[in-house]
Each structure stands twice: as C-alpha cells, then as structure tokens.
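Starting from 1, each residue takes its place in the sequence as its number.
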Amino acid sequence: MNISREKENVYKSKEEKYIVAAFYKFVPLKNLRELKSCLYDLCKNLDIFGTILLAPEGINGTIAGTQTSIKNIFNWLRKQSTFCDLEVKYSEDISIPFHRLKVRLKKEIVTMGKRGVNPNAMVGTYVQPKDWNSLIKNENTVIIDTRNHYEVEIGTFNNALNPKTNSFREFPAWVTNTLEKMPNINKKSRIAMFCTGGIRCEKATSFLKEQGYQNVFHLEGGILKYCEELTGKENLWKGECFVFDNRVSLKKNLEPGEYSMCHACRMPLANTDLASEKYSPGLHCPKCYGTHSKKQAKRFRDRQKQMELSDLRGEKHLGGRVK
C-alpha cells in the first residue's frame, strides 16, 4: 500500500477499516506541556488511540483511528510550522490495535541514554526506499539492524548484522564492544542502518557520526515506508516486521502477520510456540517458562481470568482489542 500525502482523501469512501499511522520528527520543541495538552484533547475528540511521545528533541508516535480522524489530526499537525513536513507511515487494520490514548513527555523520543547525541545537529545520509536495494546489494556495504533481538528474529534484510540488544540503550555498548573490534570495519566503511519506522536508525547514525564514522546511511521511513513503496519482487524484506501494538507483526504487504504475543513476557510467538507444552495463554510461553516469581504468576493468572470473564460477557478488557 502506497499512501502519499496527496492520496489521503481516498479514505473518505473506505470507512470499513481503521488506519494506523506511525510518525516521528527530530526537531527542537518548546512549550511541551501546552503541546501535550493540545494533542491529547484533539486525539480524544477524534476518538484516536495510541501513544505520542514529546521531548525537547522532537515528536514520536503511533496512533490509530478512522480514516477521517487520522486525516484530520495530520491536517492539524501539518498546519503547525514545526511539523509542516511531517512524514507518516500508514497501514490498515480491521480494529484499533491500542487499548488507550497516551500523550507523554519524555527526555528522549527514542531512548538511547547517551548524552551528546543530537540528531537535530548531525545525522547520517537519508536513503529513500527506492534506492535502498542498490545500497544493501553492494558487497562493500555493512548492513546493521538497529532493532532489538526479538524483532530481528522474526524478520530482517539478508546479511544484516544483529546487535542482539534487549533495548536501544544497549546499542552504543554494542558499537564499542563489538562493531569497533570487527576486523573488516573501520571509520570509512559504508554502513547502512534500518529500523521499523526510521527513528532508531536515524539516532543511531547520529551516534556513529559522533564516533567518527564517515559513511553512514539509514533507510528513511524505515521498514514500514519501504514496504509501503516497494511491492512484489522489488521488496527484499524477509519474514515479518514486529510492531509495538496489538497486531504484533506485519507482513511485507503491511497486512497483520501470523505472530501472537505472550502477555507475560511480551515476546512475539510463532504457531510452534503456541503448540508447545510450555505455552499457557496469559501465563507463560516457551521463551519465559519457569522465569516468573510466584507473585508474578499469580498476577498473570488473575489478569487472564478477568480477560476470559470479559470475553464471556462480551465486554472490552485492556488485554483485548478495541473493536
């Protein structure tokens, strides 16, 4: 699905599906509390769900609503001089994949926890999705997946390095302890980085530039924009793409994927995991079996029972999907 800014009006006649919109922009922001209040009220009035993060370095969010409500919120955002060129990645779902609306103030819109890294001052070279394939096919290009290990496990690009991080905070340490020591990589190496929506790889390029790497590139708009614009054999993505909402994963055509989520450890689960003797809905899965305390296990059992009772009554529960 390729949805440009000019094509947003096509949704006027397609009210049967919800739109999920992922967006971010590194831009210096002030008056954050006022902006938070304004955005919350606008989204609330438009029945939009999801999360928006605001920090001095910019804005980052993934939200969902009807075609009309999503169009209206971005019309408002783009009328603000700060966000006039805001880029958005779109996908669809038959339900809203969020439980509630959250607008939060943070120190960083994507947490690296490394002082001095400023994407507003310095980043790597943006690569449009249409140009990404030629870059990563070059045998002299070092490809780095900047996402967490559980995201990489269900899908990535061929030959991409996996830092095997649990969170983005661990990325700088991986650069220092692993990347710096690789014999085939130096400060002049051509490095191409990617992530889900573009935000982590953009900040990662800023960090690498700070470390003296000279030829650093990142996929503009991330995997989501790549899959929006490249279809069929052009699309070199392998597997599915993890997303941080109730859909869990997306296929390369941006339709909901085949993975489920363990409500105990929040890890993505394949069908083989669901068939395992170590899987119990809401309690544990093969990836976290035997790791929870008695107190945690009791909380998980109580939550699962409440979810099952809500389903029997036909009510919405925070563990379920918003229909």
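Looking at heavy atoms from C-beta onward, F23 lies out of side-chain contact with F83 at the 4.5 angstrom threshold. Taking 4.5 Å as the limit, every side-chain heavy atom of N253 sits out of range of all side-chain heavy atoms of T231.
Using a 30° and 60° split on the angle between ring planes, F168 and F171 fall in the parallel class, below 30°.
If you run side chain to side chain contact (heavy atoms under 4.5 Å, CB included) between P129 and each of L224, N235, L230, only L230 comes through. For the side chain to side chain contact (heavy atoms under 4.5 Å, CB included) test with Y213, the passing option among L208, V142, N186 is L208; the others fail. When each of I52, N31, L54, D41 is tested with K36 by the rule side chain to side chain contact (heavy atoms under 4.5 Å, CB included), just one qualifies, namely L54.
The pair R247-E255 does not meet the salt-bridge criterion, since no charged nitrogen lies less than 4.0 angstrom from a carboxylate oxygen. Comment: K164 does not engage E170 in a salt bridge, judged by the lack of any side-chain N to carboxylate O separation of less than 4.0 angstrom.
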Test side-chain contact (heavy atoms from CB on, under 4.5 Å) applied to T178 and L161, step by step: CA-CA 11 Å; T178 303; L161 295 178; over 6 Å; no
Walk me through it: do K203 and F26 pass the test side-chain contact (heavy atoms from CB on, under 4.5 Å)? CA-CA 9 Å; K203 198 161 194 176; F26 285 108; 4.1 Å; yes
Under the criterion salt bridge (Lys or Arg N to Asp or Glu O under 4.0 Å), I'd like the reasoning laid out for E87 against R78: C-alpha separation, chi angles, the key distance, then a yes or no. CA-CA 10 Å; E87 288 292 329; R78 288 178 176 135; 5.9 Å; no
Evaluation steps, side-chain contact (heavy atoms from CB on, under 4.5 Å), between V243 and V20: CA-CA 11 Å; V243 288; V20 184; over 6 Å; no
If you apply the rule side-chain contact (heavy atoms from CB on, under 4.5 Å), what do you find for S69 with D47, and how did you get there? CA-CA 7 Å; S69 64; D47 288 327; over 6 Å; no
Verify salt bridge (Lys or Arg N to Asp or Glu O under 4.0 Å) between K305 and E308, making sure each step is shown before the conclusion. CA-CA 5 Å; K305 183 177 180 180; E308 291 172 357; over 6 Å; no
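In terms of heavy-atom proximity, V117 sits nearest to S206 at CG1-OG, 3.6 Å. A pairwise comparison of heavy atoms in G282 and F300 identifies O-CB, 3.4 Å as the closest pair.
With hydrogens and angles ignored, the 3.5 Å screen pairs a side-chain donor or acceptor of S276 with a backbone N or O of K278. Judged by distance alone, the side chain of D145 and the main-chain N or O of V152 form no donor-acceptor pair under 3.5 Å.
Aromatic ring centroids of Y126 and H218 lie under 6.0 Å apart.
Side-chain atoms of N148 and E151 form a donor-acceptor pair, as typed in the model, at a separation below 3.5 Å. A donor-acceptor contact under 3.5 angstrom links the side chains of Y226 and N133, judged on distance only.
By the criterion of side-chain heavy atoms lying less than 4.5 angstrom apart, applied directly or through intervening Ile, Leu, Val, Met, Phe, Trp or Tyr residues, Y150 is not grouped with F157; the two fall into different hydrophobic clusters.
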